[in-house]
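Residue numbers start from 1 in every chain, and the chains themselves are labelled A, B, ... in the order their sequence lines are given, proteins ahead of strands. Here the structure is a predicted model, which is why all the values come from computation and not from measurement. Values reported hereafter were calculated over all heavy atoms of this structure, with side chains retained and with hydrogens, waters and symmetry mates removed.
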Amino acid sequence: MSKAGLAAVRGMNDVLPAEIGAWQHLERITRELFAAYGYEELRVPMVEQTTLFKRSIGEFTDIVEKEMFTFTEADGESLTLRPEATAGIARAAITNGLLRGARLKLWTSGPMFRHERPQAGRYRQFTQIDVEALGFAGPDIDIEMIAMTARLWRQLGITRVQLKLNSLGTPDARKAYREHLVTYFTQHAAALDADSQRRLGGNPLRILDSKNPAMQAVVSGAPLLTEHLDAESRAHFDALCATLAAMNIPYVIDPRLVRGLDYYSRTVFEWVTDALGSQNAICSGGRYDGLIDQLGGEHTPAIGFAMGVERVVALLRQGGQEFPRPAPHVYVVASGDRAMQVGLALVESLRDQHAALRFEMNQGGGNFKAQFRRADRSGAPLALVLGDNELERGVAALKPLRQEGGQQEVPLAELAARIPAILTTLNG
RNA sequence: GUGGACGUAGCUCAGCUGGUAGAGUCCCGGAUUGUGAUUCCGGCUGUCGCGGGUUCGAGUCCCGUCGUCCACCCCA
């Protein structure tokens with residue numbers, strides 16, 4: 001529904017009060033979980049120099065080639081709305097001098113931007129929660145990070161997820177494997193579809209990801225990355241798998257999991273769900289041991305992951321959990337100018353004494369009937385009633401709204417002392 | 001970026017082979033002139049996504065466009 005020329009930008013959505021509960025729940029759980037594992041929050045800009053993303057994500061990736069929101073500043077500088085967070089965090093660690101042999105465990109969250117065709121679970125502005133560990137060669141940190149995500153799903157009550165793992169090896173090993181792959185697919189070029197022929201030149205590893213059923217035969221005959229790993233990567237990956245198994249964290253090795261960003265090396269992982277349609281990745285990441293020195297910092301092995309907040313929120317809502325909007329504890333009904341004056345001052349003093357209680361003062365007038373209707377809809381368990389009758393006698397009426405009867409009058413001076421106990425009996 | 005489905009009140013939807021828009025819900029008021037949620041009565045809300053075309057006449061047919069959804073692609 002668009003009112004004459006007024007519409008949100010395509011692929012960019014509002015999050016309304018009715019749906020914010022699930023977001024805040026996820027934000028609270030992750031904040032506490034990351035702190036428990038020793039991660040600290042940092043915040044980085046949403047805009048960086050375009051070259052940062054080209055150098056880190058890779059010139060020939062889909063993201064850089066066709067999905068970035070890029071604009072030119074007045075002085076000619078090319079800037080880009082971040083399509084992911086790792087590049088900005090790596091840049092921040094270097095430019096703020098945070099490295100120097102240090103070990104950093106960091107997380108951040110916020111909007112990312114990719115100019116893709118929108119679909120359920122895929123938006124042009126979307127939100128990621130991002131976790132990065134810099135200065136750790138693993139595989140112990142890989143294992144702990146994956147265990148942390150597994151714990152997150154348990155805490156959130158999300159069950160329809162599966163962990164996929166792979167190792168991309170070192171850049172050298174991957175380069176050698178890539179040559180094997182190009183040789184193989186060139187021999188079978190006739191069997192490739194148009195997309196795959198295009199990928200053969202740019203990113204042959206992605207051919208392995210093809211969902212075209214007609215490609216299954218030629219893809220399944222292709223050499224596997226896991227068979228061409230260098231010895232160190234092999235040992236790293238074996239240790240990772242063995243420990244996860246010992247910790248009873250289920251996983252499947254997916255030799256075709258190659259990831260779309262160039263900076264990954266060795267461990268890559270992805271949590272997928274069968275509950276969200278084709279946008280099924282809810283959390284994925286991997287090691288990027290070479291990224292920071294490639295950007296000009298000192299050599300710093302690192303691993304990180306990004307979680308798609310909209311997708312995880314969709315799972316939460318689908319799971320049937322309720323995230324009710326908080327109701328006021330007390331709704332204040334005040335009829336008449338004088339009652340309104342007295343009521344406003346009274347509620348301020350009640351707020352002074354009970355900062356944790358939510359008082360909602362009726363605003364916008366209305367007769368008693370209308371005000372009680374609003375009080376009922378607010379969900380408050382208790383109404384505080386001020387009218388001419390009460391004012392004359394220096395009292396307020398307290399009326400329970402979730403049960404019959406029980407209305408009582410209380411002197412104004414005693415309200416602050418009595419309200420908590422009355423609320424307790426109403427909850428019990 | 002490619003292909004397909006859909007787009008009528010704030011929300012959920014109806015509207016037959018073209019005759020000029022309806023229901024439920026929500027909201028507001030009254031029955032109950034100081035007491036909500038139930039019941040009854042009454043009332044408000046629409047450039048029928050937008051623009052063009054065909055026609056005496058278009059929500060209905062045609063074209064374009066925008067948006068949503070689905071698949072591809074890509075990925076979180």
- Message: Say we look at A21(B) and A31(B): how far apart would their P atoms be, to the nearest angstrom?
- Response: 35 Å
- Task: Report the relative orientation of the aromatic rings in H180(A) and H228(A); use parallel for angles under 30°, tilted for 30 to 60°, perpendicular for over 60°.
- Result: tilted
- Message: I need the CD-P distance between E84(A) and C74(B), as an integer number of Å.
- Response: 18 Å
- Message: Listing request: all side-chain hydrogen bond (donor to acceptor under 3.5 Å, both in side chains) pairs with a residue in residues 381-397 of chain A, at least two apart in sequence or in separate chains.
- Response: R393(A)-E409(A)
- Message: Rounding to an integer number of angstrom, what distance separates A71(B) and C28(B) when you compare their P atoms?
- Response: 40 Å
- Message: Between G57(B) and U12(B), how far apart are the two P atoms, rounded to whole Å?
- Response: 34 Å
Detail all sub-3.5 Å separations between protein N/O atoms and N/O atoms belonging to nucleotides 68-70 of chain B.
residue	atom	partner	partner atom	Å
U68(B)	OP1	G11(A)	N	3.3
U68(B)	OP2	R10(A)	NH1	2.8
C70(B)	OP2	A120(A)	N	2.5

- Query: At their closest point, which heavy atom of L384(A) faces which heavy atom of L346(A), and how far apart are they?
  - Reply: CD2-CD2, 4.2 Å
- Minimum side-chain heavy-atom gap R117(A)-R10(A) below 4.5 Å: yes
- Does the distance from a Lys or Arg side-chain N to an Asp or Glu carboxylate O, for E41(A) and R43(A), drop under 4.0 Å? yes
- What residues in residues 17-28 of chain A put a non-hydrogen atom under 4.0 Å from any atom of RNA chain B? none
- Note on the structure: Given Watson-Crick and G-U pairs under 3.5 Å, RNA chain B in dot-bracket ([ ] crossing, | other strand) is (((((((..((((.....[..)))).(((((.......))))).....(((((..]....))))))))))))....
- Message: Whole angstroms only, please: what is the CD1-P distance between I63(A) and C75(B)?
- Response: 6 Å
- Task: Select base, sugar-phosphate, or nothing to describe what A306(A) touches, counting heavy atoms under 4.0 Å on all strands.
- Result: sugar-phosphate
- Can you check whether D376(A) reaches R402(A) side chain to side chain, under 4.5 Å on heavy atoms? yes
- Task: Using atom CD of Q279(A) as one end and atom P of A71(B) as the other, report the distance to the nearest whole Å.
- Result: 8 Å
- With side chains defined as the heavy atoms from C-beta onward, is the minimum distance between I63(A) and E84(A) less than 4.5 Å? no
- With sugar-phosphate taken as primed atoms, P, OP1 and OP2 and all else as base, the protein-contact string of nucleotides 29-36 of chain B at under 4.0 Å (heavy atoms; B, S, -) is SS---BBB
- Query: Between Q408(A) and R418(A), does any side-chain donor sit less than 3.5 Å from a side-chain acceptor?
  - Reply: yes
- Message: Can you pull out the residues from residues 282-292 of chain A that lie within a 4.0 Å heavy-atom distance of RNA chain B?
- Response: I282(A), C283(A), S284(A)
- Are T267(A) and R287(A) linked by a side-chain donor-acceptor pair shorter than 3.5 Å? no
- Quick one: does R256(A)'s side chain get under 4.5 Å of V219(A)'s, heavy atoms only? yes
- Task: Sticking with atom C1', work out how far G53(B) lies from G43(B), rounded to a whole angstrom.
- Result: 40 Å
- Message: Whole angstroms only, please: what is the CG-C1' distance between L16(A) and G10(B)?
- Response: 12 Å
- Separation between the P atoms of G10(B) and G64(B), rounded to whole Å: 29 Å
- Query: Could you give the CD-to-P distance, from E270(A) to C75(B), as a whole number of Å?
  - Reply: 9 Å
- Message: Rounding to an integer number of angstrom, what distance separates U39(B) and U68(B) when you compare their C1' atoms?
- Response: 40 Å
- Side chain proximity check, N362(A) to R374(A), heavy atoms < 4.5 angstrom: yes
- Parallel, tilted or perpendicular: rings of F113(A) and F69(A) (30°, 60°): perpendicular
- Message: Are H25(A) and L156(A) packed together at the side-chain level, in the sense that at least one heavy-atom pair is separated by less than 4.5 angstrom?
- Response: yes
- Message: Output the rounded distance in Å from CZ (F126(A)) to C1' (A76(B)).
- Response: 6 Å
- Message: Over 60° means perpendicular and under 30° means parallel, so tell me whether W107(A) and F34(A) are parallel, tilted or perpendicular.
- Response: tilted
- Task: Please tell me if the side chains of H354(A) and P420(A) come closer than 4.5 Å, counting only heavy atoms from C-beta onward.
- Result: yes
- Message: Is there a side-chain contact between F323(A) and I20(A) in this structure, where contact means two heavy atoms from C-beta onward sitting under 4.5 Å apart?
- Response: no
- Item | Between P of C74(B) and CZ of R311(A), the distance in whole Å | 14 Å
- Once you round it to whole Å, what is the distance between P of U2(B) and NZ of K66(A)? 12 Å
- Integer angstrom distance from the P of C11(B) to that of C56(B): 37 Å
- Task: Please state the C1' separation for the pair G67(B) and C48(B) - nearest whole angstrom.
- Result: 16 Å
- Query: Any donor and acceptor pair, going by atom type alone, linking the side chain of S167(A) with main-chain N or O of F237(A) inside 3.5 Å?
  - Reply: no
